[in-house]
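Below, each value reflects all heavy atoms present in this structure, side chains not excepted, and no hydrogens, waters or symmetry copies. Numbered from 1 within each chain, the chains take letters A, B, ... in sequence-line order.
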There are 2 protein chains.
Amino acid sequence: MAESSRITARNRVRADARRNRERVLVAARVVFAEHGIDAPMATVARRAGVGVATLYRHFPTRDALVRGAFAQQMETCARALTEALAAPDPWQGFQQLVETVCALQREERGFPAAFLAAFPESTSEHAQARQRAERDFTTLVRRAQAAGALRADFHPSDLAVVLLAHCALVTALPDDGAASRRLVAYLLQSFRADSANRPLPPPTALTLRSFPIATDSPQRRRSSSA
Amino acid sequence: MAESSRITARNRVRADARRNRERVLVAARVVFAEHGIDAPMATVARRAGVGVATLYRHFPTRDALVRGAFAQQMETCARALTEALAAPDPWQGFQQLVETVCALQREERGFPAAFLAAFPESTSEHAQARQRAERDFTTLVRRAQAAGALRADFHPSDLAVVLLAHCALVTALPDDGAASRRLVAYLLQSFRADSANRPLPPPTALTLRSFPIATDSPQRRRSSSA
DNA sequence: GTCCAAGCGGACGATCGCGTCCACTTAAGA
DNA sequence: TCTTAAGTGGACGCGATCGTCCGCTTGGAC
């Protein structure tokens, strides 16, 4: 208590510094959404209305910036997992989890790449969080399988497959999310033990031609060349 | 006849030029496989043992190089579609087609991105080929649905969804293809009208952590930083 | 109001990829 | 063998991005 309210020598952070840090985070989300996480650092700085040095002081590496920008989304993912575990019906929990994470990837452009980028990190703190997430998800899977709702041969690693594939889809397409919803629905259906035919969301208007990809790799926005 | 065997003024192509062109194509496939299609042109040139100028003369743009390097694979795709149409069982044809294209994407690293990159192109020649491919695939889908094997709500555009998602998967993972096979199997299963539970290929050993992705976008190889 | 260190911004040198230009080499017809 | 134009290679200029350095500004304690 005293610790958090007292202004100590260590605790002094100038108001403008804190404000700038926040501005940078907001700008980063916007810029990453528009140009992908490879966008020049200078662009983020300009957008935030600060100098490059300021940006680099707060976030020494691009990685730190990405992590900072999407910390909130990562938090949401973690919460979704907790809620899924707490759900009375494990299949409901499972389905909800996949859909929540995918929806997040879909809505916050730039997040998908960041989401994936966050995982190889081996900070002891992060490693711990990741291990816990993996353990929890495995528990969820086992429960859903025990309930006879999730197919027995589903493997926890399949989540990685799904998320990676889905990530690419939403990053590559400046879409309303139709493709994403379509893919998720297909996959969730084949994950069900009974694999009943449930209605799918409407098909996308996509043609192969409609990909906004030229020479660039699919992960890149091409807003600059448009 | 005479036209093809006769050496005309227009036809003269020096032997070394032809040889270099071929070397460049081979080098391009190797380099693109290793570093992605964003790899520096100079790297391709060095690998081919030719100068940059030579490379640029044969392929004025990166796009032309990519197209040239993977022309054979595109050809294979086209043939697969033709064969699928000719198959007695339309579902067999459909399945075969998806698996062939995905296998191709899986085996020839760098091809997936190239494959997608090839489509937005609007050369009249290419546009025609593409239109035909779309028409043929739609026919195949209708037949498979009429046979009661493919679910009625499958839409031809779903192919684009599948290929894009799959493309990202194989590009991002320096994998033995387990993830790719897994995804394809899941999807094909949910494409079946009956959605019977058939055995899946074995699960991958993947963890979220195992993605070879740092700050880079998932499409990038990171061999340089390894 | 005064002071000073935390904070700031932008200039700068370094690095990298691109695509062109030009002087040299060589295949191949006569 | 001679000729010549197609073919070649690498140096070069350009532009983008990176990350640092340094002199100026300003919050906030006293």
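Phosphate contact (OP1/OP2 of dG7(C), side-chain N/O of Arg57(A), threshold under 4.0 Å): absent. Dashed line: the shortest gap from a side-chain N or O of Arg62(B) to OP1 or OP2 of dC18(C) is under 4.0 Å. At the phosphate of dG9(D), OP1 or OP2 sits under 4.0 Å from a side-chain N or O atom of Thr54(B). OP1 or OP2 of dC8(C) sits under 4.0 Å from a side-chain N or O of Asn20(A). For dG7(C), neither phosphate oxygen OP1 nor OP2 lies less than 4.0 angstrom from any side-chain nitrogen or oxygen of His58(A).
Computed from coordinates, the Arg46(A) CZ to dA16(D) P distance equals 11 Å when rounded to whole Å. Nucleotide dT17(D) holds its P atom 10 Å from the NE2 atom of His35(A), rounded to whole Å. Rounded to a whole Å, the CD1 atom of Ile37(A) is 16 Å from the P atom of dT17(D). Distance CZ (Phe59(A)) to P (dC18(D)): 16 Å, rounded to an integer number of Å. In this entry the distance linking CE of Met41(A) with P of dG10(C) reads 17 Å, nearest Å. Atom CZ of Arg19(A) and atom P of dG9(C) are 11 Å apart (whole Å). Here dG27(D) presents its P atom at 6 Å from CG of Asp16(A), a figure rounded to the nearest Å. To the nearest angstrom, C1' of dA11(D) lies 15 Å from OH of Tyr56(B).
Residues Phe59(A) and Arg21(A) meet the side-chain proximity criterion, which asks for heavy atoms closer than 4.5 Å.
You'll find that the side chain of Pro40(B) is closest to dC18(C), out of dG7(D), dC18(C), dG10(C).
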Ser180(A) vs His166(A), side-chain hydrogen bond (donor to acceptor under 3.5 Å, both in side chains): CA-CA, chis, key distance, verdict: CA-CA 7 Å; Ser180(A) 153; His166(A) 179 263; 2.6 Å; yes
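Between Phe191(B) and Phe154(B), the ring planes are perpendicular. Angles over 60° get that label, and only those under 30° would be called parallel.
Proximity of a side-chain donor or acceptor of Arg29(A) to a complementary backbone N or O of Ala69(A) within less than 3.5 Å is detected.
Taking the nucleotide of DNA chain D with the nearest heavy atom to each of Arg14(A) and Ala53(B), the more 5' of the two is matched to Ala53(B). Remark on DNA chain C: of its neighbouring residues Ala39(B) and Ala15(B), the 5'-side contact belongs to Ala39(B), judged by nearest-heavy-atom nucleotide.
Summarising the geometry of Leu188(A) relative to Glu99(A), their closest heavy-atom pair is CD1-OE2, 3.5 Å, with the distance given to 0.1 Å.
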